Amino acid sequence: MKKWLLFLIFLIPLFCGCNKKTELTIEAVIEQNKTDLISIHYPKTGFEKLDREIKNYITNTRLNLKQYIKENVYIEDLPELNIDYEYKVVGNRYSNIVLTTFFTSPLLAHPIHDIKTFVFDQKENKFLQLSDIATIHMGKIKMDLVKQHQDCILIDDLEKVFQKPNNLKFTFTDQSITLYFNPYEIASGNCGIIKYEFPNKEFYIPIEKTTLQKASLYKPNKKELSSKKPTIALTFDDGPSKYTKEIVKLLNEYDANATFFILGNKVENYHDTLTFVLESGNELGNHSYNHKKLTKLSSKELHNQIEMTNEVVKKTLGYDIRLFRPTYGATSNSLKSNINMEIVLWNVDTEDWKLRNSKKIYEKALHDIKDGKIILMHDIYKSTLESLKLLLPELKKQGYQIVTVSELKEIQTKRNEKN
Ligand code: ZN
């Protein structure tokens, strides 16, 4: 009898998906290769079925790029692949994911854009189609689309796409549904990706009210700085990530602070982590919204990359960003004149993104670190976190004060005044 009971208890978690606790992480692949630039972000939700589909999409897109690169030769301007994500859970149950691919190459007249959506019911462990969620009035939508995109809509293609409504790409909130169309799907290429949002309040599926996340109120804490001690500024790019919290805990242990140059696309999903970053006395800087190479963008796109990040940080964390670090360290005169923030580069590159070995990162950093330097690291690698476990105690032993970029500047101003 006891054995059977144990067996049943063992089976419960297999059948009952209801209390499954999952934690969202955002996977990041950022590479500066000899043949291409790659920046990919996608959610890892903990729901195996959903994660597998997302991963397939990413893998196939990367394979296509590899094939393309093999067939062409590049000298200066490299092809760039950027996959960005949006992730929202509606009614504490439905994952809504949008993956947007942007691919540009000097051999293409225009960048390629591609959009892919996933709507997943966590409780039933299944993907949802448009017809699962609500009654859709296709006639009205088609009429609106024709009206809104008169100059590019292709009527025959539009009709064809709407003949298979369950293939339509969509996401929803408790208030509305959004449809997405790729370039050339229903219109000529000049209209790009078309988004169509319409209000909808009556769903077939049950939707709980989502509780809103409270914005934190950031209060800077002033700490005592010495202008006599040797001082360095630690900086971390490309985060936040699943390692950021651990890094901050480590910094706290050694009474150290750092500047985190973050990507706007991860701010909402890492709200708790970023609150902890700020509460521990660290500083946030802007590193664009989704890590596109900025020197190639139009001034409007550049403005979006920067302002979207500043806005989401202000909205969710109540913090004003003042510092900016360009992606791939690439600057140009037009970039400088278009940015209304202080640009911060670095003078010690630990090459953690390339080395990916804690001992080597530690040795490289220790070799190059001197008073007054700004150190570049990335908080998206486990090896970087591990290298800090070696580096921080050693730097403390050598008497270093480890501070944010703004604090380092403050100290340098004080030193200059004295001289
Ligand atoms: Zn970067």
Side-chain angles (χ1 to χ4, degrees), residues 25-42 62 77-85 100-104 233-244 247 258-267 269-270 273-274 277 282-297 301-302 304-310 312-313 321-332 335-336 338-339 341-356 361 364-365 373-385 387-388 404-405:
T25 53
I26 307 303
E27 296 293 313
V29 183
I30 294 179
E31 293 173 5
Q32 187 168 9
N33 301 315
K34 283 196 180 103
T35 50
D36 54 27
L37 301 177
I38 293 188
S39 168
I40 299 173
H41 290 98
Y42 61 95
R62 283 202 76 171
D77 217 357
L78 295 177
E80 179 183 354
L81 174 68
N82 186 292
I83 305 181
D84 192 16
Y85 81 101
T100 310
T101 298
F102 163 90
F103 177 66
T104 177
L234 268 189
T235 65
F236 295 95
D237 285 11
D238 298 351
S241 83
K242 57 186 168 192
Y243 303 117
T244 308
I247 287 176
T259 304
F260 292 80
F261 289 95
I262 58 170
L263 298 174
N265 66 356
K266 291 188 272 195
V267 169
N269 293 127
Y270 282 107
T273 297
L274 290 173
V277 169
N282 301 292
E283 178 178 39
L284 296 182
N286 184 329
H287 191 46
S288 85
Y289 192 77
N290 58 22
H291 214 274
K292 277 186 186 157
K293 185 163 181 184
L294 303 169
T295 46
K296 283 200 275 186
L297 300 181
E301 284 172 305
L302 175 67
N304 284 343
Q305 284 280 333
I306 291 164
E307 285 313 314
M308 276 162 70
T309 302
N310 286 348
V312 72
V313 168
I321 292 192
R322 296 185 312 104
L323 305 179
F324 177 75
R325 175 170 284 167
T327 54
Y328 305 105
T331 55
S332 66
L335 182 86
K336 283 179 196 158
N338 270 301
I339 288 175
M341 308 169 80
E342 189 179 341
I343 295 181
V344 179
L345 295 173
W346 58 87
N347 33 40
V348 172
D349 183 356
T350 60
E351 294 186 349
D352 60 339
W353 57 277
K354 203 160 73 182
L355 295 169
R356 306 283 193 98
I361 299 167
K364 171 99 176 77
K373 298 276 185 195
I374 298 176
I375 324 299
L376 171 66
M377 297 186 110
H378 298 80
D379 53 327
I380 59 170
Y381 307 115
K382 192 158 194 268
S383 46
T384 299
L385 164 66
S387 74
L388 287 166
T404 66
V405 169

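Not measured: the values here are computed from a predicted model. Whatever order the structure lists ligands and atoms in, that order sets their numbers, starting from 1. Every heavy atom of this structure was used, including side-chain atoms; hydrogens, water molecules and symmetry mates were not.
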For the residue pair Asp238 / His287, report whether a side-chain donor-acceptor contact shorter than 3.5 Å exists. yes

So, do Met377 and Ile361 sit near enough that their side-chain heavy atoms are less than 4.5 Å apart? yes

Is there a side-chain contact between Lys266 and Ile380 (heavy atoms, below 4.5 Å)? yes

Please enumerate all residues that pass side-chain hydrogen bond (donor to acceptor under 3.5 Å, both in side chains) together with Lys364, with sequence neighbours excluded. Asp368

Testing Leu284, Asn286, Asp379 one by one against Ile262 for a side-chain contact (heavy atoms from CB on, under 4.5 Å), which residue passes? Leu284

Taking the Zn ion (ligand 1) as the centre, how many protein N/O/S atoms fall inside a distance shorter than 2.8 Å? 3

Candidates Thr327, Asp84, Thr309 - the one meeting side-chain contact (heavy atoms from CB on, under 4.5 Å) with Asn290: Asp84

